[in-house]
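Note that the structure is predicted; figures quoted are calculated from it, not measured.
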Amino acid sequence: MRANVELDHATHVRFSPDCRAFIVFLANGETIRVFKMTKKEDGFTFSATSEDFAKRHKAPIINIGIAETGKFIMTASSDTTILIWDLKGEVLASINTNQMNNAYAAVSPCGRFVASCGFTPDVKVWEVCFGKQGEFREVSRAFDLKGHSAGVYGFAFSNDSRRMATVSKDGTWKLWDTDVEYKKQQDPYLLYTGKISVSDPCRIALSPDARVLAISSISDITVFSTLTGAVEEEFHSVHGDVITDLLFDINNRFLVSAGDRAVRVFHNTAGYRAAIADMKDMLKKATNKGTKDRLQKQINDAQSALDAVCKNRN
């Protein structure tokens with residue numbers, strides 16, 4: 001289906017958690033527009049809400065997002081500004097990241113956190129707090145990811161928001177355990193540091209289960225195991241132009257890249273291999289016959305799926 005943007009075009013688009021609406025950022029209008037979707041027999045109809053959000057940013061937008069909880073919308077610009085909006089277009093909070101400039105910002109998959117990175121060698125994470133009745137309370141600093149020695153290109157969350165990955169101009173990527181009691185001043189744990197040679201524009205994606213990491217540099221993609229740091233796959237000149245986005249699908253089966261007006265889909269073979277290795281380790285430790293049988297079946301199914309992918313590729 002196609003939704004037209006009258007006298008403008010969208011630079012970013014995000015679905016609402018219930019998939020009954022989506023938001024776009026308008027290039028010329030420099031603001032958010034909300035489209036509501038209505039299901040019909042032959043598909044969907046789209047209708048824009050009566051008023052766009054107010055124009056509040058003074059620099060170009062680098063990302064937008066909707067919290068999985070449906071409680072807020074985030075917009076981030078290339079200066080040091082992140083705005084938190086309610087769904088009706090009222091600004092709840094303005095964050096100054098103090099990072100000289102923002103290179104990337106995003107809402108965590110759990111919908112509780114907003115994070116940003118930029119010129120400084122750290123990633124800053126805030127919690128967007130709401131009361132028991134759903135009323136907005138405040139934005140409070142949660143924790144920082146500190147350890148890089150140069151500016152951070154980007155970061156990514158695992159699906160449960162308990163892991164984060166970062167990639168930096170210092171030639172390294174890092175995997176972090178962010179499942180910490182930050183309100184008790186507990187800092188995230190660094191789990192692994194890997195080396196990579198990258199150039200801007202650079203994107204990073206972390207698989208939903210955090211076993212696999214993908215990093216794009218200009219038009220190339222490198223896939224790593226987060227358990228061993230080994231390079232699992234390399235794809236060169238994937239797009240005719242720079243890669244503009246990189247993501248794993250929610251079911252962990254595919255890696256998707258965007259660029260030069262095309263979307264390319266890759267099988268997550270590294271994810272299959274990592275899952276099989278994990279289950280084999282669990283099988284060795286299992287003592288219950290039912291558990292052993294279940295794990296062996298899951299290993300066989302995963303191996304069959306991997307074999308089918310590799311057979312088709314060859």
Side-chain angles (χ1 to χ4, degrees), residues 1-5 7-15 22-30 59-65 75-78 101-106 117-119 150-157 165-173 194-208 212-225 230-273 308-314:
M1 302 295 289
R2 181 190 295 268
N4 290 321
V5 181
L7 305 175
D8 211 328
H9 68 274
T11 59
H12 297 77
V13 59
R14 295 288 182 269
F15 276 102
F22 59 91
I23 61 172
V24 301
F25 193 83
L26 303 178
N28 299 329
E30 297 180 343
I61 287 294
I62 56 169
N63 204 11
I64 65 174
T75 56
S77 49
S78 61
N101 67 279
N102 296 334
Y104 184 68
C117 64
F119 184 80
V152 178
Y153 282 126
F155 59 85
F157 291 92
T166 54
V167 61
S168 166
K169 295 176 183 178
D170 64 12
T172 68
W173 60 264
K195 293 184 178 180
I196 185 171
S197 177
V198 289
S199 301
D200 201 17
C202 172
R203 295 279 181 172
I204 184 170
L206 186 61
S207 64
V212 180
L213 177 72
I215 296 173
S216 69
S217 176
I218 305 180
S219 61
D220 299 334
I221 299 173
T222 307
V223 180
F224 296 89
S225 163
V231 174
E232 294 279 341
E233 302 272 4
E234 289 183 287
F235 305 102
H236 298 290
S237 302
V238 173
H239 293 272
D241 204 344
V242 298
I243 293 171
T244 56
D245 215 344
L246 192 66
L247 287 169
F248 285 92
D249 85 296
I250 193 70
N251 294 315
N252 215 30
R253 292 175 58 201
F254 304 108
L255 173 67
V256 183
S257 66
D260 65 11
R261 301 177 71 180
V263 172
R264 308 213 189 286
V265 182
F266 304 85
H267 290 284
N268 182 17
T269 53
Y272 284 114
R273 289 192 289 268
V309 168
C310 294
K311 182 180 178 182
N312 290 335
R313 186 164 69 174
N314 293 335

Short side-chain to backbone donor-acceptor contact, Ser168 and Gly151, under 3.5 Å: yes

Ring-ring centroid check Tyr104 Tyr153, cutoff 6.0 Å: no

Contacts of type ring-ring contact (aromatic ring centres under 6.0 Å, His included), residue Phe119, not counting sequence neighbours: none

Arg264 (side chain) donor-acceptor with Ala258 (main chain) under 3.5 angstrom: no

Worked check of side chain to side chain contact (heavy atoms under 4.5 Å, CB included) between Val5 and Leu26: CA-CA 8 Å; Val5 181; Leu26 303 178; 3.5 Å; yes

Side-chain donor/acceptor of Asn101 to backbone N/O of Ser78, under 3.5 Å: no

Asn268 side chain to Leu255 backbone, donor-acceptor under 3.5 Å: no

Residues Trp173, Ile215; criterion side chain to side chain contact (heavy atoms under 4.5 Å, CB included); working and verdict: CA-CA 9 Å; Trp173 60 264; Ile215 296 173; 3.7 Å; yes

Side chain to side chain contact (heavy atoms under 4.5 Å, CB included) between Asp220 and Val238, worked out: CA-CA 6 Å; Asp220 299 334; Val238 173; 5.8 Å; no

Donor-acceptor contact present, side-chain Asp245 to main-chain Ser257, <3.5 Å: no

Side chains of Arg14 and Asn63, donor plus acceptor under 3.5 Å: yes

Short side-chain to backbone donor-acceptor contact, Asn251 and Arg253, under 3.5 Å: no

Aromatic plane relationship, Phe25 with His12 - under 30° parallel, 30 to 60° tilted, over 60° perpendicular: perpendicular

Ser225: side chain to side chain donor-acceptor pair (under 3.5 Å) partners, not counting sequence neighbours: Thr228

Ser216 side, atom OG; Ile221 side, atom CD1 - distance, nearest 0.5 Å: 6.0 Å

Residue pair Thr222 / Glu233, side-chain donor-acceptor N/O under 3.5 Å: no

Main-chain N/O of Gly259 paired with Asp241 side-chain donor or acceptor, under 3.5 Å: no

Positive for ring pair (Phe, Tyr, Trp, His ring centres under 6.0 Å) with Phe266, one of Phe248, Phe235, Phe254: Phe235

Nearest-0.5 Å distance, NZ of residue Lys169 to OG of residue Ser199: 11.5 Å

